[in-house]
Amino acid sequence: MKHRLQKSAISLAFGIAVALAPLAPCAAEVVEGQAPVIDGNVDQARFAARQDAMRSYVEKQVGVKVESSTEVNMGMVVADHIMTHADGYVSVKRVVKEQQAGGIYIVQLDLDASPQMIATATADVKSSLQSLADNSSRSGISVAVSELDENGGVSSKSDVNDTVRAVLANKGFLTTTNDAVLDYMKKAADLSDPSVGAEIRRIARTNRETENALLRGTLTTVSVTPTNGYQEALVQASFEIIGLDNNVSDTYSNYIKAVAHTEKEAVLKAQYEASRLAADELGQKALQTDQRENRGGIHHTKITMVFSNLGDPASRSQQILDALKAANCRVIRYGLTSSGTFQAFVDATGYDTTADIQDAIKQRLGCSSLIDEGAGVGSSKLQFQF
C-alpha cells in the first residue's frame with residue numbers, strides 16, 4: 001500500500017492553519033542555536049548556529065508539536081521555506097550570547113518576527129501542497145527510506161520518509177511512500193548487493209502507479225557523543241534515485257553532524273539535515289527525468305532526442321521531423337547545434353517506456369541508439385546516430 005502526499009496535504013495544511021489562528025503577535029524571544037565546528041571552520045559554524053536558532057524560532061511560531069513527527073517535519077519545511085525564499089521574516093534584536101565550547105558553536109539570539117509574514121509563508125506551502133493534490137495525474141517520485149541500526153538491522157523510517165517527501169513536495173514533486181520496497185529492504189541481508197538493488201527496482205516498477213523514479217536510501221546513526229553539556233550526533237546518509245523506465249541512477253552519500261540538548265533531538269536534527277540535503281541534490285537530478293504524464297488514458301512523455309552523424313544536415317533534419325511526426329512525437333522545439341547535431345524536444349504519446357520510443361524512432365529512421373553518458377537521472381535524452 002502506498003500513501004500519496006496529496007491525501008495528507010490537506011490535513012497537514014489544516015493543522016498548520018489551526019495552529020496559526022487566531023493570529024497573535026509574535027513576541028520577542030531568546031532562542032539558542034548550536035552547530036558543530038567542522039574542520040576548524042568557525043565562521044561556518046557561527047552561521048549554522050544562527051540559522052538553527054532562527055529555524056527553531058519559526059517552527060515554534062508555526063505551532064509545531066514535538067510529539068508528532070509529521071508536524072515536526074512540516075514545521076521544518078515551512079521554516080526552510082522562510083529561511084531560503086525571503087528575507088525579513090525574522091529579525092535579530094540583539095545577540096545575547098555567543099561562544100565556542102570545544103567543537104560546538106553556541107549562540108543565543110533575541111528574535112522577533114512578523115506573524116503576518118509567517119502566516120503568508122505557511123499559506124504558500126499549504127497552497128503548494130494543495131496544488132499537488134489537485135494535479136494527481138502528474139508523474140512523480142516513489143520514496144523508500146530506512147534506518148540502519150548499530151547492529152546492521154533495517155527498520156522503516158516513517159518520519160524520515162515524511163521529511164523527504166515534504167522537502168520534495170516543496171520543490172513541486174508529487175510523491176508516494178513505497179511500502180513494498182520498504183518491506184523488502186527490511187529483510188535484505190545486504191542493501192549494497194547489486195542483486196538487491198535490481199530486486200528493489202523490480203518491486204518499485206511492479207508497485208507503481210504514475211511514478212517514474214524511486215528515491216531509496218538508508219540513514220545510519222553512527223554515534224551520539226556527549227560534548228560540553230550537549231549531545232553531538234553523527235548520521236551517515238546513503239541515498240539513490242533511480243529512473244524506473246531505464247535504470248539510470250544517481251547517488252548521494254554524506255556524513256552529517258548535528259548538536260542539541262538531548263540525544264533524540266540531535267539525531268532528529270542530523271537526520272532531517274541529511275534528508276534535506278539529499279532531497280535537494282537528488283531533486284535537482286530528478287528534474288532531468290523524462291516527465292511522463294497520463295492524460296485521458298494516454299501516456300505523454302516529454303523528452304529530448306539528439307541525432308548525430310547527419311551527413312546532409314538540411315535533408316536529414318526534414319527526414320527526422322517527418323519520422324517524429326509519424327511516430328506520434330509532437331515537436332515542441334528543435335534546432336541544429338554548433339557541433340552539427342540535431343536536437344528536438346518532443347511530447348511522445350502512446351508509449352509506456354522510453355525504450356519503446358527509442359525502438360520506434362530507430363525503426364523509422366534506420367539509425368542506431370547511443371547510451372546517454374550524461375548525469376541525468378531517469379535520462380532526459382535519447383541519443384541516436386546515423
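Given the structure is predicted, the values throughout are model-derived calculations rather than measurements.
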Exercise for the section: Give me the one residue out of Arg50, Gln44, Glu98 that meets side chain to side chain donor-acceptor pair (under 3.5 Å) with Tyr105. Expected result: Glu98

Problem - For Arg94, all residues meeting side chain to side chain donor-acceptor pair (under 3.5 Å), sequence neighbours excluded - result: Asp110

Exercise for the section: Report the residues that fulfil side chain to side chain donor-acceptor pair (under 3.5 Å) with Ser223, sequence neighbours left out, ordered by chain and then residue number. Expected result: none

Exercise for the section: Applying side-chain contact (heavy atoms from CB on, under 4.5 Å), run through Lys325 and Val331 and close with a yes or a no. Expected result: CA-CA 8 Å; Lys325 182 179 180 180; Val331 177; over 6 Å; no

May I ask you to test the [X]-[Y] pair for a side-chain heavy-atom distance under 4.5 Å?
{"X": "Phe239", "Y": "Val145", "answer": "yes"}
{"X": "Thr221", "Y": "Leu219", "answer": "no"}
{"X": "Asp112", "Y": "Tyr57", "answer": "yes"}
{"X": "Val181", "Y": "Ser142", "answer": "no"}
{"X": "Val346", "Y": "Tyr334", "answer": "no"}
{"X": "Gln383", "Y": "Ser369", "answer": "no"}
{"X": "Ile320", "Y": "Phe384", "answer": "no"}

Handout entry: Steps toward side-chain contact (heavy atoms from CB on, under 4.5 Å) verdict (Val92, Met54)
Key = CA-CA 9 Å; Val92 180; Met54 291 182 185; 3.4 Å; yes

Practice task
Classify the angle between the aromatic ring planes of Tyr230 and His261 as parallel (below 30°), tilted (30 to 60°) or perpendicular (above 60°).
Solution key: tilted

Exercise for the section: Starting from the C-alpha separation in whole Å, work towards a yes-or-no answer on side-chain contact (heavy atoms from CB on, under 4.5 Å) for Glu29 and Leu111. Expected result: CA-CA 5 Å; Glu29 183 177 342; Leu111 301 174; 5.8 Å; no

Practice task
Would you tell me whether Gln318 and Asp322 have side-chain atoms, one donor and one acceptor, within less than 3.5 Å of each other?
Solution key: yes

Exercise for the section: Could you walk me through whether Ile256 and Leu277 pass side-chain contact (heavy atoms from CB on, under 4.5 Å), step by step? Expected result: CA-CA 10 Å; Ile256 303 297; Leu277 291 173; 3.7 Å; yes

Handout entry: Over-ring placement of Arg316 relative to Phe342, 6.0 Å and 45° cut-offs
Key = no

Problem - Whether over 12 other heavy atoms sit under 6.0 Å from Phe345 CZ - result: yes

Exercise for the section: Treat each ILVMFWY residue as a node, draw an edge where side-chain heavy atoms are under 4.5 Å apart, and state whether Leu321 and Leu310 are in one component. Expected result: yes

Practice task
Nearest 0.5 Å please: distance from the CG atom of Asn309 over to the OG1 atom of Thr341.
Solution key: 10.0 Å

